[in-house]
Amino acid sequence: MNRRQFLTQSAAASLLLHASSDIQLEAAPSANRYAFNQQIPGPVLEARAGDTLRIQFHNALAESSNLHFHGLHVPPTGIADNSFLEVPPNESQTYELNLPTNHPSGLFWYHPHMHGMVASQVSGGLAGAIIIRGQFDDQPEIQQTPEFLLIFQDPNLTPTPAQINQGREGPEILVNGALNPQFPLTANGWIRLRLLNASVSRFYRLQLQQHTFQIVATDGGLLPSPTETAEILLLPGQRIDAFVKGNRPPGTYRLLNLPYNRLGGMQSPNPTTQLATFEYTNAVESTWSLPTKLATVDPLPAPSITRQFRFGAMAMGMSNPFTINGRSFNPNRIDTAVKLNAIEDWILTNQSMMDHPFHIHTNPFQIVNASPGWYDVALIPAGRSLHIRHQFTDFTGTAMYHCHILDHENLGMMGTIDIQPA
Ligand SMILES: [Cu+2]
């Protein structure tokens with residue numbers, strides 16, 4: 001079985017759609033949920049740097065929707081990654097995304113970004129993966145490695161007001177739309193796991209029993225070298241690309257979600273639960289080593305400006321705590337104006353009692369004083385700060401930054417960034 005068959009199999013019924021053809025995506029109700037092309041998660045889109053993704057989107061929901069291309073470095077304007085677009089019910093829009101020729105390879109994803117409806121539409125199932133392949137993927141050993149995409153969702157279309165404030169979680173955790181699906185491990189060999197948290201609010205603290213992960217890429221692409229870890233904290237919206245060596249005795253091993261408390265004293269942490277089962281079903285004669293050098297990640301130079309953002313600060317006379325710098329989202333207001341190609345440091349301070357995962361569109365960022373890598377989602381822990389550095393390259397126009405607990409985004413924890421000609 002080749003890589004593509006594995007990928008197709010791992011995405012359950014998902015279809016693989018290639019950039020070479022026009023892609024048709026229809027959002028529609030499906031058995032008390034919402035689906036793209038009647039699939040949950042939606043079809044996997046696959047492309048390479050330099051490709052054009054042409055997506056004919058039809059909205060068959062009873063409410064407005066649109067598409068956001070999470071993590072892609074494409075224009076935030078026009079009919080591209082423009083989250084201000086509204087596609088009313090029974091209408092269509094043809095998105096055209098020209099991937100730059102130097103676009104990083106990696107795992108990205110698409111989901112609606114219609115303000116006010118994002119949480120329910122994504123919770124209902126509207127999410128799908130975008131895989132950009134590049135030189136790393138072309139190496140024969142990597143190409144022949146069985147690859148599995150794992151998309152985590154926990155639907156909840158009837159949240160209580162309290163659940164919405166905390167960020168809704170669902171009673172069941174689905175992996176590729178299924179409960180506890182099974183994946184093969186290869187004795188003496190590797191498997192590759194591409195992990196996507198497409199849940200509205202839930203954090204996953206992942207452990208594969210008795211195995212470690214060799215992380216090769218984060219949200220925005222390859223790391224300088226593989227990083228070994230026993231656990232992965234996967235925030236809403238985040239992706240991790242990791243290899244797992246089959247170096248344990250034959251048998252079955254559980255992929256676990258370990259306890260994590262994102263709500264401070266407001267709730268006890270989740271119990272440990274099983275998400276999937278891994279079983280040794282294949283073996284190879286000889287093994288190979290992961291490349292020790294994956295990519296060059298140059299630290300961004302010193303910033304021209306440092307800005308401060310306060311998340312969850314209560315302004316005078318304001319009852320909604322889901323604010324940034326005391327303000328609730330207003331699509332007609334520019335919150336942050338930056339210059340094209342500028343390098344900026346942002347210090348994001350969480351003044352609330354719960355964690356908020358920060359996300360920004362269009363350009364990825366680096367985390368200051370952390371190991372090199374590119375991210376588009378990172379944690380601002382309750383009561384603490386996150387220090388990021390980013391450069392606004394290639395595209396002008398207005399984009400967004402927000403908490404990726406999508407209920408918090410809906411409640412107003414989102415701002416606009418206008419990238420202006422230098
Ligand atoms: Cu939040």
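Quick note: numbers below take in every heavy atom, side chains included, and nothing from hydrogens, waters or symmetry partners. Whatever order the structure lists ligands and atoms in, that order sets their numbers, starting from 1.
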When the ring centroid of His361 is compared with that of His70, is the distance short of 6.0 Å?
no
Distance check below 2.8 Å: does Cys403 bring an N, O or S atom to the Cu ion (ligand 1)?
yes
Taking atom CD as the centre, does Gln420 end up with more than 12 heavy-atom neighbours from other residues, nucleotides or ligands that are less than 6.0 angstrom away?
yes
Above 12 or not: heavy atoms from other molecules or residues under 6.0 Å from CZ of Arg384?
no
Looking at His356, the N, O or S atom sitting nearest the Cu ion (ligand 1) is ND1
Please confirm whether the backbone N or O of Thr273 pairs with a side-chain atom of Asn257, one donor and one acceptor, at under 3.5 Å?
no
Looking at His408, the N, O or S atom sitting nearest the Cu ion (ligand 1) is ND1
